[in-house]
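Reading through the structure tokens given below for one structure.
First the proteins, then the strands, lettered A, B, ... as listed; each starts at 1.
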Amino acid sequence: MRSGNASYETTMNQISTAASSYALVDGNSFYCSCERIFRPDLQGRPIVVLSNNDGCIVARSREAKQLNIPMAAPYYSLRGLLRHHHVAVFSSNYALYGDISRRMMQVIGEFASEQQIYSIDECFLRLPSRQDARSHGLAIRRAVYQRVGIPTSVGIAPSKTLAKLANHIAKQQREFRGVFDWGSLDPNSATAWLQQTPLNAIWGIGRRLSEQLTRHGIQNARQLRDTDPNSLRRQFGVMIERVARELNGESSLDFEQTTPDKQQIISSRSFAHPTDNYNALAASLAYHSARAAEKLRAQHCVATMIGVSLRTNPNRLAEPQYRNYHCQALAQPDADTLILTGAALAALAQIYLPGYAYQKTGVILLGISPSERVQYDLFTPPPDPRRAKLMHTIDRLNQRHGQGTVRVATEALSQDWRMRQDHCSPCYTTRWDQLPSVG
DNA sequence: TCTGGGGTCCTAGGACCC
DNA sequence: TCTGGGGTCCTAGGACCC
């Protein structure tokens, strides 16, 4: 809507200067870029990073995308293609990516008073609406590249959903040099961009909702934006209503600066080789219980339940399939590795059946709350304070000397379940013995 | 013929995201 | 031989309470 009315324009300017806008900053092909920091010889060469267990492809460099290597494809099925194009292949190295992420987020955070870290490779900033949004975005990119070595893209817009879209445009259209400011578009151009945007390219709309909306005659972002939000709410629920408002430039999603405590903590992994060995399953669950308990203690919380799951390989349809899950309540809220491991093993005993080729196990911690808020049962003795100290000491030792320095004996029962990791790069920044050397 | 209404908590399942 | 792991939010339905 446009108007030549002077007082209307003044009002709108006041609103827009008072309003804030959002920037979404993310690392391009983040895992690949992390690997490239310490391997300048890989500049310009296609790179892929594999999921845990070297199962499938989870990150592709720009060069790899140009080779039409699909996301999430199983690695084994593309091995020939990757070799043929001399693609550099890496197992995922989360110690490295996590550390690079921390450094990147810190640099980006210097560019705004409010930052929401959304995932390992992206964050939102809240910025005052400004004329020079684009140059601000370019400054962020420059700083992150200089100080951390990661190339980024920046999308700026009046809502988070539009910032996501702007970021996507910044990545696709090279002429924008990695920064796209939605606010600089005139209304017709904005509408044209939305018209070109398919539903499943919108943040929060996946395959299922796309199909549902399409059946009701809504086929692109422009049509969704222009549908009455109240009728959307009735037909499709509040999620879609919010998306439509956001596409309209009406900020409708929370901006959370502090990372809230996790409500559930999962540790699970598939095995390099399937096994029906009870000790191997027990060892894997001891490992997962310890990892989950570490995360729980890191956020100063306790859990009331631990769930254990196991399954055979669902892709092997010819083999007998079995999957099960059992949730075990703890005597009282706890974060003690030994207690959690004991409960996990008790749960395993409930659901284990011999004779199946198990391929994956996992634990999940539930009923999580801050440890200082726990009310202990009148009839159960309070936990021994020395145990908390012991856990603290174990955490410090494992942090300083590497994961697994101190562990529960059950973990060592069997190595049968270990994952495959044939292409792992060194932990350049987090292990003294793996620092890069020069010369 | 007629059998309250409103609230909370929990769980399971669906959908989505990176 | 070989197909990831870790999360969130929403909704509906049941149990329970007053």
TODO: To the nearest Å, give me how far apart OH (A/Tyr75) and P (C/dG5) are.
DONE: 17 Å

Task: Atom P, compared across B/dT3 and C/dC17: separation rounded to whole Å - done: 24 Å

Task: Upstream residue (5' side of DNA chain C) when A/Gly237 and A/Met71 are each assigned their closest nucleotide - done: A/Met71

Task: Partner of A/Ser267 by side-chain hydrogen bond (donor to acceptor under 3.5 Å, both in side chains), out of A/Glu294, A/Lys295, A/Arg291, A/His288 - done: A/His288

Open item on the list: Using ring centroids (six-membered ring only for Trp), state whether A/Phe124 and A/Phe255 fall under 6.0 Å.
Closed with: no

- [ ] Verify the contact: side-chain N or O of A/Ser270 to OP1 or OP2 of C/dG5, cut-off strictly under 4.0 Å; return yes or no.
- [x] yes

- [ ] Return the stems involving DNA chain B, sorted by first number, where pairs are Watson-Crick (N1-N3 with N6-O4 or O6-N4) or G-U wobble (N1-O2 and O6-N3), both under 3.5 Å, and runs are 3 or more long.
- [x] B:5-18 with C:5-18

TODO: Please work out whether the ring planes of A/His216 and A/Phe236 are parallel, tilted or perpendicular, with thresholds of 30° and 60°.
DONE: perpendicular

TODO: Quick one: which residue pairs count as a salt bridge (Lys or Arg N to Asp or Glu O under 4.0 Å) with a foot in residues 148-165 of chain A, not counting sequence neighbours?
DONE: A/Glu122-A/Lys164

Task: Closest to the A/Lys295 side chain, choosing from B/dC18, C/dG6, C/dG5 - done: C/dG6

Task: C/dC16 to B/dG4 separation - C1' atoms, rounded to the nearest Å - done: 16 Å

Open item on the list: What is the separation between atom CZ on A/Arg233 and atom C1' on C/dC9, rounded to the nearest whole Å?
Closed with: 14 Å

- [ ] Provide, to the nearest angstrom, the distance between the CZ atom belonging to A/Phe271 and the C1' atom belonging to C/dG5.
- [x] 14 Å

Task: Charged N-O contact under 4.0 Å between A/Glu35 and A/Arg39 - done: no

Open item on the list: Does C/dG5 have its OP1 or OP2 closer than 4.0 Å to a side-chain nitrogen or oxygen of A/Lys360?
Closed with: yes

Open item on the list: Whether A/Arg242 and A/Glu246 form a salt bridge (side-chain N of Lys/Arg under 4.0 Å from carboxylate O of Asp/Glu) is what I want to check.
Closed with: no

Task: Interatomic distance, A/Gln359 CD vs C/dG5 C1' [rounded to whole Å] - done: 12 Å

Task: Residue that, paired with A/Thr312, satisfies side-chain hydrogen bond (donor to acceptor under 3.5 Å, both in side chains) out of A/Glu319, A/Gln359, A/Gln321, A/Lys360 - done: A/Gln321

Task: Between C/dG5 (P) and A/Ile120 (CD1): distance, integer Å - done: 16 Å

Task: Interatomic distance where CD1 belongs to A/Ile364 and P belongs to C/dG7 [whole Å] - done: 9 Å

TODO: Under 4.0 Å between any heavy atoms, over every strand shown, what does A/Arg242 touch: base, sugar-phosphate, or nothing? Just pick one.
DONE: sugar-phosphate

Open item on the list: Considering every strand and a 4.0 Å limit on heavy-atom distances, what is the contact class for A/Ile202: base, sugar-phosphate, or nothing?
Closed with: sugar-phosphate

Task: Whole-Å distance separating the CZ atom of A/Phe124 from the C1' atom of B/dC17 - done: 11 Å

Open item on the list: Just N and O in the side chain of A/Arg420: are any of them under 4.0 Å from OP1 or OP2 of C/dG4?
Closed with: no

Open item on the list: Do A/Thr430 and A/Asp99 pair up side chain to side chain, a donor and an acceptor below 3.5 Å, judged on atom types alone?
Closed with: no

Open item on the list: Let's see if you can work this out: which of B/dC16, C/dC10, C/dG4 has an atom nearest to the side-chain heavy atoms of A/Cys56?
Closed with: C/dG4

- [ ] Looking at every strand, decide which applies to A/Asp54 at a 4.0 Å heavy-atom threshold: base, sugar-phosphate, or nothing.
- [x] nothing

TODO: Choose from B/dC18, B/dC16, C/dC10 the nucleotide whose nearest atom is closest to any side-chain atom of A/Arg208.
DONE: B/dC16

- [ ] Round to the nearest Å and state the distance from A/Asn315 atom CG to C/dG4 atom P.
- [x] 7 Å

Open item on the list: Is the phosphate of C/dG5 approached by A/Asn53 (side-chain N or O, under 4.0 Å from OP1 or OP2)?
Closed with: no

Open item on the list: Which residues in residues 250-268 of chain A have a heavy atom closer than 4.0 Å to any atom of DNA chain B?
Closed with: none

TODO: Kindly indicate, with the supporting measurements, whether the criterion side chain to side chain contact (heavy atoms under 4.5 Å, CB included) is fulfilled by A/Glu63 and A/Arg45.
DONE: CA-CA 7 Å; A/Glu63 301 79 9; A/Arg45 207 177 131 189; over 6 Å; no

Open item on the list: Looking at A/Asp336 and A/Arg297, is any side-chain nitrogen of the basic one under 4.0 Å from a carboxylate oxygen of the acidic one?
Closed with: no

Open item on the list: Please confirm whether the ring centroid of A/His168 lies under 6.0 Å from the ring centroid of A/Phe180.
Closed with: no

TODO: Quick one: label A/Leu209 by what it contacts on the DNA or RNA (base, sugar-phosphate, nothing), any heavy atom closer than 4.0 Å.
DONE: sugar-phosphate

TODO: Counting heavy atoms from C-beta on, name the nucleotide in C/dG6, C/dT3, C/dG4 closest to the side chain of A/Arg269.
DONE: C/dG6

TODO: Check whether any side-chain nitrogen or oxygen of A/Lys164 sits under 4.0 Å from OP1 or OP2 of B/dC18, and answer yes or no.
DONE: yes

